[in-house]
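Here is the structure we will look at, set down as structure tokens.
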Amino acid sequence: MKILFVQDSLGTGGAERSNAELWYFLKEKGISIKIIVLDHRHEGVQQEILNKGFDVVFLKPGNFLGQSKNIAEIIKDYRPDLVQSVLFRATMRVRAAKLFAKFYHLESLVSCPYDEVRFQDAQINSTALKLYKFFDQISESKGTDRFVAITEEVKNHYIQKLKIPAKKIEVIYRGRKKNAFLKDKEQVRNKLRDALGIKQNDLVFVHVGRQEFAKGHINLLEAIAKVDHELAQYNVRFIFCGRKGNATKEIEDFLENKKIQTELKFLGHRNDIYEILVASDVFVFPSLYEGLGGALIEAQAAGLPVICSDIKVFREVVNINENALFFEKNNTSELGDCLTKMAKSQKLRFSMGVKSVDNYNRKFQIEKIHSQMLGLYQQITD
């Protein structure tokens, strides 16, 4: 079997990390893989994938039609059994490549791009987003043969927003590797906390996500400010991991104008997230919308109790009041209450942490997910 993958970049996102893990699996199974990438990225999985010897082609900069023709030429030369695309720019070019070459196109659906919340983002041009949706909808029927969505919520989003027939969309969750550091939790915890200048008896709340509107950093910071005094009583510290983005300026302005006593550490992009999670006590995820929220899976694999916004997709990923406390999206008072509730109760943190590992093992082990993906490929190519 030969598969050609086309995606925007090999950056820091969940889709990029998930595909990288899938490629390792497919390579071990003897499946031939070629990867087309639109953009170079210094942060993310790019160097890792190149170092592992994968066949990666970076498209030359050019206009939309020129890059689509380039993809078509690569397809003609490589002759894959199927082409899988992920993320909007790559997908639209693969769809257009069908004008110049014949191939089977499997498209990954990894987010809810037309969620109403996106139109509230000051960084988003709502007119442009409506145009993207229009072109997405008119090109889908001829440009894509089948879809694979990472959650039921993502599937339903595309059925509702683009009128894609349900029978055309398969749902396969995104998985994550087991956290190999969990078995040495105390050792990892002590070493990493020493490196970060955090006391061993401090209570560490961690957030993982690039600094973008969707990740809800400002909501979390406002909630911390509201319960600042209570958090101090329990020696709470916050760690933020994730590259800078469109929300960075707003975050910096907020912190300059709002003096928060609780210690906040912004670590930027990190390659040791699994260790950081194991060294932490609580995972906080105040996203406004997500396709799945891969960091939530990683947090559960690390045995962390979760605090997250009550958006539909998270009810597929974690279990309310079993391993996660939910708060109404954008409700910073409720979020503050969740922070203090989790800080007060070691018993709650422990019981939810145990259930997090159980939920991960049941639903998100990467070996199970990869086997499902391979089964889909075999079904398509048989």
Side-chain angles (χ1 to χ4, degrees), residues 14 17-18 20-22 24-25 150-153 172-193 198 200-209 236-239 241 270-287 290-311 313-327 338-339 341-373:
R17 167 48 61 188
S18 292
E21 298 296 344
L22 175 61
Y24 290 129
F25 171 82
I150 59 174
T151 57
E152 292 290 342
E153 178 62 17
I172 298 177
Y173 285 128
R174 179 186 291 163
R176 284 291 189 272
K177 293 187 296 185
K178 282 189 175 182
N179 194 314
F181 301 98
L182 194 56
K183 65 181 186 299
D184 300 315
K185 182 177 177 66
E186 288 306 313
Q187 181 181 349
V188 172
R189 178 188 178 94
N190 294 341
K191 181 179 179 181
L192 195 59
R193 286 184 174 222
I198 298 173
Q200 298 304 324
N201 63 341
D202 284 346
L203 193 58
V204 176
F205 286 56
V206 61
H207 172 270
V208 178
V236 172
R237 306 288 182 266
F238 280 82
I239 292 176
C241 300
R270 301 282 295 205
N271 293 316
D272 58 348
I273 292 298
Y274 277 38
E275 293 101 312
I276 289 173
L277 291 173
V278 166
S280 302
D281 299 290
V282 180
F283 186 78
V284 188
F285 211 49
S287 295
E290 292 279 354
L292 182 148
L296 270 184
I297 300 174
E298 294 174 354
Q300 291 177 94
L304 291 183
V306 169
I307 298 171
C308 65
S309 46
D310 190 1
I311 56 179
V313 70
F314 287 169
R315 289 178 178 255
E316 293 185 57
V317 184
V318 293
N319 300 315
I320 186 168
N321 294 328
E322 290 186 18
N323 74 317
L325 297 179
F326 280 45
F327 64 92
C338 289
L339 296 176
K341 182 176 181 179
M342 198 72 83
K344 289 177 181 177
S345 178
Q346 182 179 10
K347 182 179 179 181
L348 179 65
R349 296 194 301 272
F350 177 79
S351 64
M352 284 194 165
V354 170
K355 290 174 182 175
S356 279
V357 175
D358 290 342
N359 192 52
Y360 163 78
N361 287 332
R362 187 171 62 255
K363 295 176 64 175
F364 299 110
Q365 282 196 47
I366 203 164
E367 294 82 4
K368 297 177 183 177
I369 304 297
H370 287 166
S371 294
Q372 288 179 281
M373 284 302 302

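Computed from heavy atoms alone, side chains included, the values below leave out hydrogens, waters and symmetry copies. Every value quoted in this text rests on a predicted model; they were computed, and no experiment measured them.
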Could you walk me through whether Lys363 and Ile297 pass the side-chain contact (heavy atoms from CB on, under 4.5 Å) check?
CA-CA 9 Å; Lys363 295 176 64 175; Ile297 300 174; over 6 Å; no
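Take Ser280 and apply the side-chain hydrogen bond (donor to acceptor under 3.5 Å, both in side chains) test, not counting sequence neighbours, and it matches no residue. Partners of Asp310 by salt bridge (charged side-chain N to carboxylate O under 4.0 Å, His left out), not counting sequence neighbours, listed by chain and number: Arg315. When the side-chain hydrogen bond (donor to acceptor under 3.5 Å, both in side chains) test is applied to Arg176, the partners found at least two apart in sequence or on another chain are Ser18, Glu298. Take Asn271 and apply the side-chain hydrogen bond (donor to acceptor under 3.5 Å, both in side chains) test, not counting sequence neighbours, and it matches His269. Legend: residues meeting side-chain hydrogen bond (donor to acceptor under 3.5 Å, both in side chains) with Glu153, ordered by chain and number and at least two apart, are absent. Annotation: salt bridge (charged side-chain N to carboxylate O under 4.0 Å, His left out) contacts of Arg237 (sequence neighbours excluded): Asp202, Glu263. With sequence neighbours left out, the salt bridge (charged side-chain N to carboxylate O under 4.0 Å, His left out) criterion links Asp358 to no other residue. Remark: Gln200 pairs with Arg189, Asn190, Arg193, Asp194 by the side chain to side chain contact (heavy atoms under 4.5 Å, CB included) rule, at least two apart or across chains. In this view, Lys177 and Glu21 satisfy the salt bridge (charged side-chain N to carboxylate O under 4.0 Å, His left out) rule, not counting sequence neighbours. In terms of the side chain to side chain contact (heavy atoms under 4.5 Å, CB included) criterion, residue partners of Val188 (sequence neighbours excluded) are, by chain and number, Phe181, Asp184, Glu275, Val278.
From Leu304, atom CG reaches atom CG of Asp281 across 7.5 Å, with rounding to the nearest 0.5 Å. For the atom pair CG (Asn359) and CD (Glu322), the distance works out to 8.0 Å, reported to the nearest 0.5 Å. Between the CG atom in Leu325 and the CE atom in Met352 there is a gap of 4.0 Å [rounded to 0.5 Å]. Annotation: the span from Glu290 atom CD to Glu316 atom CD amounts to 13.0 Å, rounded to 0.5 Å.
Proximity of a side-chain donor or acceptor of Asn179 to a complementary backbone N or O of Tyr274 within less than 3.5 Å is detected. Under the 3.5 Å distance criterion, the side-chain polar atoms of Thr151 are matched with a main-chain donor or acceptor of Gly291.
Using a 4.5 Å heavy-atom threshold, the side chains of Phe326 and Cys308 count as touching. Under the 4.5 Å side-chain criterion, counting only non-hydrogen atoms from C-beta, Ile369 is not in contact with Arg174. Put simply, the side chain of Phe238 reaches to within 4.5 Å of the side chain of Leu339, judged on heavy atoms. At least one side-chain heavy atom of Gln300 sits under 4.5 Å from a side-chain heavy atom of Val317. In this structure, the side chains of Ile239 and Ile198 come closer than 4.5 Å at one or more pairs of heavy atoms. For the pair His207/Pro286, a side-chain contact is recorded, criterion being any heavy-atom separation below 4.5 Å from C-beta on. Side-chain contact between Val282 and Val236 is absent, with no heavy atoms from C-beta onward closer than 4.5 Å. Contact check for Asp272 versus Leu192: side-chain heavy atoms found under the 4.5 Å cut-off.
Sorted by first then second residue, the ring pair (Phe, Tyr, Trp, His ring centres under 6.0 Å) pairs that include residues 341-365, not counting sequence neighbours, are Tyr173-Phe364. For residues 345-357, every residue pair satisfying the side-chain hydrogen bond (donor to acceptor under 3.5 Å, both in side chains) rule, not counting sequence neighbours, is listed here: Asn323-Ser356.
Between Phe25 and His370, the two ring planes are tilted [angle within 30° to 60°].
Closest approach of Gly293 and Phe285 over heavy atoms only: CA-CE2, 4.0 Å.
Crowding of Lys368 atom NZ: a count of heavy atoms from other residues, nucleotides or ligands under 6.0 Å exceeding 12. Counting non-hydrogen atoms of neighbouring residues, nucleotides and ligands closer than 6.0 angstrom, the NZ atom of Lys185 exceeds 12 such neighbours.
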